[in-house]
Amino acid sequence: MLSTLALAAIIQLPVQAQELAPGARYDPDIPTLREVVGHGFREAVTPPDDVIRYMEALADAAPERTRLIHYAESWEGRPLIVLVIGSPDRMARLDEVKAGLARLANPRGLSEAEAEALLDELPVVTALMHGVHGNEISSSGAAMAEAYHLLAARGDADVELILSESLVLIDPMENPDGRNRFVYQNGIAQARWPDEAGVSAEHDEPWPGGRGNHYLFDLNRDLFIQSQPETRGKVDIFLEFRPQIVVDLHEMGGDATYFFPPTAPPSNPWYGERQIALMDVFGEAIAGRFDERGFAYFNRDVYDLFYPGYVDMWPMGHGALGMTYEQASARALKLRRSDGDLLTYGDGVLHHFTAATETALTSARNRERILRDYLAFAREGIALGGRGPAEIVLHSTHDPGMAERLAMMLVENGIDVFRAAGPVTVEDRTLAPGSSFIVPLDQPTHRFIHNLLDTHVPMEEDFVRRQIERRAQRQPDEIYDLTAWSQPLLWDVEAIETPATGARGEAVTVGGMAAADVAPLPEALVGYLIPWGTNGAAAVAEALREGIRVRAAGAAFTLDGRGYGVGTAIVRAGENGPDLRRRLADIAAGHRAEVVPIDDAYVREGMSLGSRRVRALREPGVLLVYDAPGRSLSVGWARYVLERRYGQRTSAVRASGLGRARLNDYDVIVFPSGNYGSAVGEGLLDRIRAWMRDGGTLITMAESSRWASEVGLIATETERRGGRAEGDDPPEPGTPEQPIEYLDAISPGDESPEGVPGAILRTLLDTEHWLAAGTDGEIGVLVEGSRVFRPITLDQGTNVGRYAELEDLVLSGIVWEESQPQLASKAFLIHHPVGRGQLVAFAEDPNYRAYSEATQLLFMNAVLLGPGR
């Protein structure tokens with residue numbers, strides 16, 4: 001890889017004439033970027049290591065006004081940092097300031113006098129976040145310029161006001177792994193002179209591009225699930241400093257200008273009116289500054305305020321104002337736009353710098369109003385908890401580990417959750433304490449709780465009506481992201497609103513999902529059972545990796561009065577060494593999996609433990625098809641779920657090299673979503689068919705399932721609009737004797753089904769089939785797109801999962817009325833036997849964003865239970 005100095009020399013541009021801040025005078029004792037790394041703020045795309053080096057240099061130069069915090073480390077070992085900037089007096093009392101901010105965020109027991117004292121003394125906290133997408137390059141350049149300006153500007157009244165009234169948190173690089181990938185790929189594609197053509201190599205990133213992190217996640221959708229270390233650390237910083245203003249600085253297409261709020265509709269109904277009103281204060285201020293400097297911009301278009309998982313939207317759940325800023329991207333050093341104008345990297349740095357510094361100034365000018373709004377939001381949340389149901393009970397009978405993990409996820413988002421201290425009575429049911437958790441609603445995060453746990457978060461009716469009209473005209477809808485994300489539905493956990501149960505026990509704490517205290521398992525004459533579920537499957541994956549012999553039940557059974565489902569792991573003492581008890585205890589503790597010792601294997605109901613339906617498991621050899629034409633997000637999600645969530649060793653093989661792989665070295669091949677027609681020819685298809693006949697398990701999902709149906713790997717068909725299969729002739733047009741509706745007349749004759757904009761559908765599972773192990777027969781499935789698969793016929797296999805009938809189909813989100821009849825009762829999960837092996841096809845991506853926990857378990861069932869069946 002090129003050295004930092006060599007790379008800077010290659011991509012250096014002449015210094016732009018326009019200043020960062022007109023008229024600013026700077027302290028020579030504060031180092032410039034040129035003095036530290038060899039180029040100016042607007043001249044070159046700074047590599048990740050140099051971004052960190054420069055921020056460290058600034059902190060060293062002004063220790064009395066800064067605090068550099070190393071808050072996380074990326075998967076590839078790169079540091080993530082935030083630079084805190086404030087007045088010397090405030091930085092000297094930083095711990096005291098943070099304690100005061102925490103009191104304001106959680107005002108239970110806070111008197112009016114104490115509140116007024118805090119409001120008079122505390123700073124407003126502005127968090128400026130940069131580069132969550134690694135190939136959105138200009139914001140990190142702006143971050144370094146922002147920090148320099150706040151520390152080096154002399155005699156600047158605006159900077160003095162910012163330091164006296166606020167703390168500013170600058171995160172210069174939220175995704176260092178993605179940025180490193182972009183800088184490297186861009187550097188090796190550089191021409192002698194920066195190429196302005198959008199089609200040139202330096203503008204055309206090879207797969208997977210720099211947007212995602214190591215696991216190719218879009219980190220801007222990971223805030224509440226916190227599956228990635230970059231996100232977990234960021235949320236920890238948010239909860240430590242409680243910022244009231246959070247801005248995430250992005251880039252968009254090069255033909256745009258600059259976006260800052262107010263946002264486009266729809267708005268999330270769980271955000272406060274004060275937050276929305278405050279947005280216009282910032283929009284007006286930035287607009288004034290941009291007008292002054294002659295920068296073009298737009299508002300109230302494209303970017304909405306609905307999905308709660310963005311970097312800027314997550315803080316809205318805690319009463320902050322979150323905002324997205326978007327700069328047109330040169331995606332290199334220069335870009336000739338379609339209108340003939342030239343856009344440079346330096347332009348992006350300048351625009352972001354201007355918007356960010358004006359944001360910090362506006363925060364400082366409105367310090368008291370912002371803090372009062374923040375306090376009011378917290379108090380309203382507490383009060384709202386006393387006006388309806390008092391608690392939400394999280395419960396899962398069939399998979400208690402799932403309820404516990406969901407409870408811990410809420411805690412990691414700053415929400416109070418308690419374990420049930422005893423049986424919980426809900427209506428006419430009594431729920432076991434070990435599988436129940438209590439979420440009080442009288443807490444500052446009341447709205448955020450509802451946002452994450454409610455079955456449905458409604459969109460504004462006028463907005464939805466307009467989308468229906470646009471769809472009828474075959475115009476794209478204006479929905480920016482998902483319309484549903486209910487975590488209980490996607491985790492297959494009940495969330496029951498109830499009056500106070502009186503069952504609150506100990507508080508669930510951060511770190512509560514760490515390994516449980518290792519208690520030795522009792523001696524067992526026969527061995528041990530591990531009920532199948534999310535924790536149990538992860539424990540089995542590790543046990544297999546560690547060489548423990550495990551078998552799986554192929555049917556349900558009852559032993560000692562307790563029922564066990566399909567997939568239950570059977571670990572026999574006689575098939576393992578004398579240290580089995582200790583090894584299994586350690587594994588179970590690490591995954592919080594239940595292990596049941598058994599001294600008697602005489603089953604009186606159901607399958608016998610020595611039945612032929614009990615299958616020996618082995619650690620599967622898994623090949624994950626990597627690279628194009630796979631969709632990078634799907635590839636990354638699958639790899640993360642395999643390697644990190646379930647600890648399954650996996651070989652990532654590029655699609656272009658799949659023909660060279662020895663398929664017989666693998667038990668499972670996973671094709672993430674994508675159309676593999678360009679990568680898998682007839683010869684390789686024949687090899688895959690032969691490999692399945694010999695016992696291999698092929699897993700496809702979403703677009704790769706469509707591809708598998710098209711090439712004949714699986715006996716199903718994807719439908720066109722109106723329920724026709726692909727290849728069928730379109731219906732005959734109307735005749736003069738048969739009047740037709742106008743919209744019908746202008747509709748194309750052969751279309752894909754109406755797209756679903758990210759909704760959750762009720763899906764029914766065959767609980768007697770091993771692919772449905774660990775479920776109770778009904779889950780929510782996140783559906784996005786226009787795929788509709790006809791159920792497979794009985795002679796070809798089993799429809800293990802199918803969408804519910806029409807009247808019960810939609811659990812959450814928007815599914816257009818025309819789509820619902822076509823989706824009802826269609827296949828979601830298909831098992832297609834091929835010789836001694838099989839193909840397992842998912843209609844949607846089971847690993848979506850790593851928060852579809854119920855479908856992730858189905859995916860791992862295919863991986864762990866499929867081989868050898």
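All heavy atoms count here, side chains included; hydrogens, waters and symmetry mates do not. Everything numeric in this text was worked out from a predicted model, so none of it was measured.
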Query raised in the report: Of all residues at least two apart in sequence or in a different chain, which pass the salt bridge (Lys or Arg N to Asp or Glu O under 4.0 Å) check with D339?
Result: R337
Query - Residues forming a salt bridge (Lys or Arg N to Asp or Glu O under 4.0 Å) with R211, sequence neighbours excluded - result: E136, D218
Query raised in the report: CD of Q275 to CD1 of I245: how many Å apart, nearest 0.5 Å?
Result: 9.5 Å
Query raised in the report: Got more than 12 heavy atoms from elsewhere within 6.0 Å of CD, E284?
Result: no
Query raised in the report: Are H250 and F259 close enough that some pair of their side-chain heavy atoms sits under 4.5 Å apart?
Result: no
Report task. Please confirm whether H318 and F238 have ring centers closer than 6.0 angstrom. Result -> no
Requested in this report: Hey, could you give me the CG/CZ distance between L361 and R289, rounded to the nearest 0.5 Å?
Outcome: 6.5 Å
With a cut-off of 3.5 Å and sequence neighbours excluded, list every side-chain donor-acceptor pair involving residues 325-333.
residue : atom : partner : partner atom : Å
Y325    : OH   : T359    : OG1          : 2.6
Q327    : OE1  : H351    : ND1          : 2.8
S329    : OG   : E251    : OE1          : 2.5
S329    : OG   : R331    : N            : 2.9
S329    : OG   : R331    : NH1          : 2.6
R331    : NH1  : N135    : O            : 3.3
R331    : NH1  : E251    : OE1          : 3.1

Report task. State whether Y848 and R221 meet the cation-pi test: NZ (Lys) or CZ (Arg) under 6.0 Å from the six-membered ring centroid, and within 45° of the perpendicular axis. Result -> no
Report task. Evaluate the criterion ring pair (Phe, Tyr, Trp, His ring centres under 6.0 Å) for residue pair Y258 and F295; output intermediate values, then yes/no. Result -> CA-CA 8 Å; Y258 196 96; F295 302 157; 8.5 Å; no
Requested in this report: Identify whether the distance between the nearest side-chain nitrogen and carboxylate oxygen of E469 and R466 falls below 4.0 Å.
Outcome: no
Report task. Show your reasoning for whether side chain to side chain donor-acceptor pair (under 3.5 Å) applies to S705 and R787. Result -> CA-CA 9 Å; S705 292; R787 289 171 296 273; over 6 Å; no
**Report entry** Sequence-distant partners of E853, salt bridge (Lys or Arg N to Asp or Glu O under 4.0 Å), two or more places apart
**Finding:** R405, R645
Query raised in the report: When rounded to the nearest 0.5 angstrom, what distance separates OG in S786 from CD in Q822?
Result: 9.5 Å
Report task. Identify the heavy atoms of I479 and D481 that sit nearest to each other, and give their distance. Result -> CG2-O, 3.1 Å
Return all side-chain donor-acceptor pairs below 3.5 angstrom for residues 300-310, not counting sequence neighbours, or 'none' if the list is empty.
residue : atom : partner : partner atom : Å
R300    : NH2  : D280    : OD1          : 3.3
Y307    : OH   : R849    : NH1          : 3.3
Y307    : OH   : Y851    : OH           : 3.0

Query raised in the report: Near E292 CD, under 6.0 Å, is it more than 12 heavy atoms from other residues, nucleotides or ligands?
Result: yes
Requested in this report: Return the set of residues passing salt bridge (Lys or Arg N to Asp or Glu O under 4.0 Å) with R232 (not counting sequence neighbours), or none when no residue passes.
Outcome: none
Report task. Return the set of residues passing side-chain hydrogen bond (donor to acceptor under 3.5 Å, both in side chains) with S819 (not counting sequence neighbours), or none when no residue passes. Result -> none
Report task. Quick one: list whatever passes side chain to side chain contact (heavy atoms under 4.5 Å, CB included) with A356, sequence neighbours left out. Result -> L128, E146, L249
Query raised in the report: What distance do S227 atom OG and M409 atom CE have between them, rounded to the nearest 0.5 Å?
Result: 11.0 Å
Query - With sequence neighbours excluded, residues passing side-chain hydrogen bond (donor to acceptor under 3.5 Å, both in side chains) with S74 - result: D177
Report task. Step by step, work out the ring pair (Phe, Tyr, Trp, His ring centres under 6.0 Å) result for F260 and F290. Result -> CA-CA 11 Å; F260 51 83; F290 270 47; 5.6 Å; yes
Query - Partner set under side-chain hydrogen bond (donor to acceptor under 3.5 Å, both in side chains) for N413, not counting sequence neighbours - result: Q226, W314
Query raised in the report: How about Q475: does its CD atom have over 12 heavy atoms from other parts shown lying under 6.0 Å from it?
Result: yes
Query - side-chain hydrogen bond (donor to acceptor under 3.5 Å, both in side chains) partners for S634, two or more places apart - result: D845
**Report entry** Sequence-distant partners of W270, ring-ring contact (aromatic ring centres under 6.0 Å, His included), two or more places apart
**Finding:** H450
